[in-house]
Amino acid sequence: MAKIIPRPKLTFWESLYFIEIFKGLMTTGAHARKNLIHGEFETRNYPEEAPKLPRDYRARHRLMKRPDGSPRCVACFMCSTACPARCINIVAEEADRTDIEKRPAKFEIDLLLCVFCGYCVEACPCDAIRMDTTIGVMVHDNRRDFVIGKAKLMDWNPADYPATDVQSQKAPGGSLNAEALAQFNGAGGASGAGHH
Amino acid sequence: MTDKALSPGNGDDGVALLAVDEFLAWGKEHSLFYLLFATACCGIELMQTGGPRYDLDRLGMIPRATPRQADLMIVAGTITHKMASRAHLLYQQMAEPRWVVSMGSCANSGGPFSKHSYSVLNGIDKLIPIDVYIPGCPPRPEALIDGVMALRHRVKKYRTAGIRDRDPHVVAGGDCEFGSHPGKDS
Amino acid sequence: MTIEAETLDGERMTLSMGPHHPSTHGVLRLIVETDGEVISRAVPDIGYLHRAIEKIGEKLEWAQFVPYTDRVDYVCAMNANLAFCVAAEQLMGSALAPVPRRGECIRVLVAELNRISSHLVAVGVSAMDLGAFTPFLHGLAQRETVNDIFERLCGQRLTYNYITIGGVAFDLHPTAVAEIGTFLDELSREMKRFSQLITVNPIFRDRCAKVATISAAEAIAWGLVGPNLRGSGVDFDLRRDEPYGIYGELDVQVPVGRNYAGRHGALGDSYDRFVVRLLEIQESIRLCRKALELLPPAAAKADDPVGGWQSDASKVLRKPPAGEIYVRTEAPRGEMGYHLVSDGSKMPYRIKIRTGSFAAVGMLEYLCPGLFMADIVTVIGSLDIVLPEVDR
């Protein structure tokens, strides 16, 4: 019932295996030389040397801000609909400006559910959510800390973002904030400036 | 020997043993052998963290194939209902002190499968206690290393009588949806 | 050496190998019945990673399913993306979902890069299972470079969600072409060293040669696909024989198994499948270079050079007319086919995925009897089984 597998008989030199081990060690030696003499280490000493993530990396989300510091989000639920993991929880409320209808009373992202696919960013019609914070490392030991709300999502500094990123620079503290704020207050200033 | 004699921080009792205990904890902290428990996508990232670029070996972490030799279980990947009993068995086979890291969205809460799939367990913490959660799908190797570093701080505080700095996180019968765990700021 | 299992009259022992076993490449469980050290029966038990991906597809819109295809085969997520998107595009028709030329070139580029990184894992892991740890590390080092390239390109290291229905999500970044060129040069140097280290090594060769020999007729009868089929000497590759995208222009050279172990081996043994994968890496390097040559110059973002998301959000809401289609593409583990049924609504009516590993797992029951217990890892490694592909 068992299949019989004849194996060829090795010649004396083949059965030594010794030369082959030596040949293999040559390759390993070549790599060792690259490491030791040229110092081209493959290994990164991670906790000591922080990595530089590209700006396009799909990292932790952030909510974009209007010039007055309120969220750009208009609570349209597009992102939470597009999300495959359903990890975005929005509660909408009426905004207090005439040119803006709604704003999020609550905007929560459950990072434990999030799969970082980037669909929320693509779905957003008003560039309110982005994933370019380059925060790729988030570790906690309980579930509660992973549900991040508006305060944490909007806690970012325009100075950390490139000057070419116009939307970020229009936020409070950004280089383009002054003129953007003037324009913003002029456009919908009928009922006061924002709700901060 | 009672727990009290060995309990840390009491100052006046168990001083001699405390030094031994600290030494043992130091040893445990720097040689966390981990169980190769890779079920899905995160397994590849776990493999690459153990690979040449990130090299978990330099943290004293060596992969073990059997749970009996492992201190740390990195749950890397989706746990389905069929796999759940096996995952639990593996956890039970590990010797105390044992630590569990939940890696990636699937192990944390079911990830993209949590709301739609009929066969996926929504979070390994319904089954076994979790010490550290790492979000991501899959998490970067840096995130995994950070998770391990966070765990090492807790391993350091472990004392022989089974005293941990605090109990690991378990969701007792609860679901992993919104509402069951309140948000930090609302 | 000859195994004569008939002469052994020891008690039969039933072993459960897996679902937690380091060399079953995931959560495969093999119920092995052994007669001494010789296997008399091996029954694969699958389903430990059944995540209902096909069923989930029926609840999501067409474009929303792409992240799930990443998880059908995570070792080569780009190819899995591509398989679904090509199928969906053909169902929609080229009028509804036209793919720009630059998008097609980038697709071939990333698919071949991911084929390289997938095969690097396959050959590295199969070598590691047989006790050679160093080649695995060299393979992973190269894979990290591919991951770096993809990370810059689409923002993730493993689950890319990059190829979309109608093109690719983002255009290449300015330095990508140079980066990929440098990587390909480095890789072809590294693959020579890799071969020196493991492929010609007689210890490794003897572990693989004449183990689990599959004849061409058997391979076809069991429905093997991809490198497993070509390892048995069957000259069939969908990229050449049924080209999709721009593969028709690329003149794909298909490596096939031809008893690479010489007098030690036989046509279609584990060693042949191993070597075919290594040769496919060489071929993919060539295809990548060719795709870079064919790459049309970048256009302005407004002109939609790659068919991405940014140009027109309404593209996401495209839905195909009622009908059904089966489209197959060549993934690293062989034919990956999507059978899509649409009833004209915004969600698919049915998605059926046909994958290469499923056929390979089915063949284990036929291949294993008569082999040594230690040879199981050779068989699983050489068939390159990835479990989410089997269970879906």
Side-chain angles (χ1 to χ4, degrees), chain A residues 1-11 13-32 34-35 40-44 51-59 78 81-86 114-119 121-125 127 131-132 134 136, chain C residues 1-6 8 35 38-40 56 60-61 63-68 70-71 132 134-135 137-138 140-141 144 148 151-157 159 161 169-170 173 193-194 196-198 200-204 206 209-211 213 263-265 309-310 313 316 369-372 375:
Chain A
M1 88 144 266
K3 279 186 272 185
I4 293 169
I5 303 161
R7 305 248 166 131
K9 207 163 153 49
L10 299 177
T11 61
W13 285 109
E14 278 175 334
S15 66
L16 268 183
Y17 289 137
F18 208 69
I19 302 146
E20 301 302 328
I21 291 169
F22 185 71
K23 274 188 201 161
L25 277 175
M26 295 271 282
T27 310
T28 311
H31 279 273
K34 197 174 94 177
N35 287 350
E40 296 168 12
F41 288 107
E42 188 65 38
T43 309
R44 288 183 192 165
K52 208 175 166 327
L53 293 188
R55 188 57 74 184
D56 330 345
Y57 184 75
R58 293 205 288 265
M78 291 272 247
T81 311
C83 179
R86 302 277 181 270
C114 178
V115 292
F116 301 91
C117 64
Y119 272 5
V121 183
E122 295 307 323
C124 186
D127 193 14
M131 295 180 85
D132 55 356
T134 68
Chain C
M1 202 183 335
T2 318
I3 312 164
E4 290 171 354
E6 294 93 331
L8 301 166
D35 182 355
V38 181
I39 298 159
S40 57
I56 288 171
L60 296 170
E61 289 175 29
Q64 260 184 318
F65 187 62
V66 178
Y68 288 91
D70 283 331
R71 284 139 188 107
T134 323
L137 292 178
H138 290 326
L140 275 193
E144 286 284 359
D148 283 351
E151 186 181 278
R152 271 298 267 121
L153 200 58
C154 50
Q156 273 288 5
R157 283 168 52 86
T159 47
N161 189 13
F170 316 106
H173 54 273
R193 284 196 209 133
F194 188 90
Q196 235 170 47
L197 190 61
I198 187 79
V200 295
N201 186 316
I203 305 170
F204 178 75
D206 288 355
K210 280 197 181 173
V211 171
T213 308
R263 71 184 179 86
H264 302 277
W309 288 325
Q310 288 99 339
V316 178
L371 296 178
F372 278 126
D375 284 336

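By convention in this document, chain letters (A, B, ...) are assigned in the order of the sequence lines, proteins followed by strands, and residues within each chain are numbered from 1.
In this structure, A:Y119 and C:V66 have side chains that are in contact, with non-hydrogen atoms separated by less than 4.5 Å. Contact check for A:V115 versus C:R71: side-chain heavy atoms found under the 4.5 Å cut-off. At least one side-chain heavy atom of C:N161 sits less than 4.5 Å from a side-chain heavy atom of A:R58.
Only the backbone of A:T81 comes within contact range of chain C, with heavy atoms under 4.5 Å apart. At a 4.5 Å heavy-atom cutoff, C:H173 makes no contact with chain A through either its backbone or its side chain. At a 4.5 Å heavy-atom cutoff, the contact between C:Y68 and chain A is made by side-chain atoms alone.
Between the side chain of A:Y57 and the backbone N or O of C:R157 there is no donor-acceptor pair closer than 3.5 Å. Under a 3.5 Å cut-off, the side chain of C:E61 and the backbone N or O of A:A82 do not form any donor-acceptor pair.
In this structure, CZ on A:R44 lies 7.5 Å from CD on C:E144, to the nearest 0.5 angstrom. Atom CG of C:L140 sits about 10.0 Å away from atom CD of A:E42, to the nearest 0.5 Å.
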For A:D56 and C:L153, what are the C-alpha separation, side-chain angles and deciding distance, and is it a side chain to side chain contact (heavy atoms under 4.5 Å, CB included)? CA-CA 8 Å; A:D56 330 345; C:L153 200 58; over 6 Å; no
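Shortest non-hydrogen contact noted between C:R152 and A:P54 is CD-CB, 3.5 Å.
Chain C forms more heavy-atom pairs under 4.5 Å with one residue of A:T27, A:L53, A:D132 than with any other, namely A:T27.
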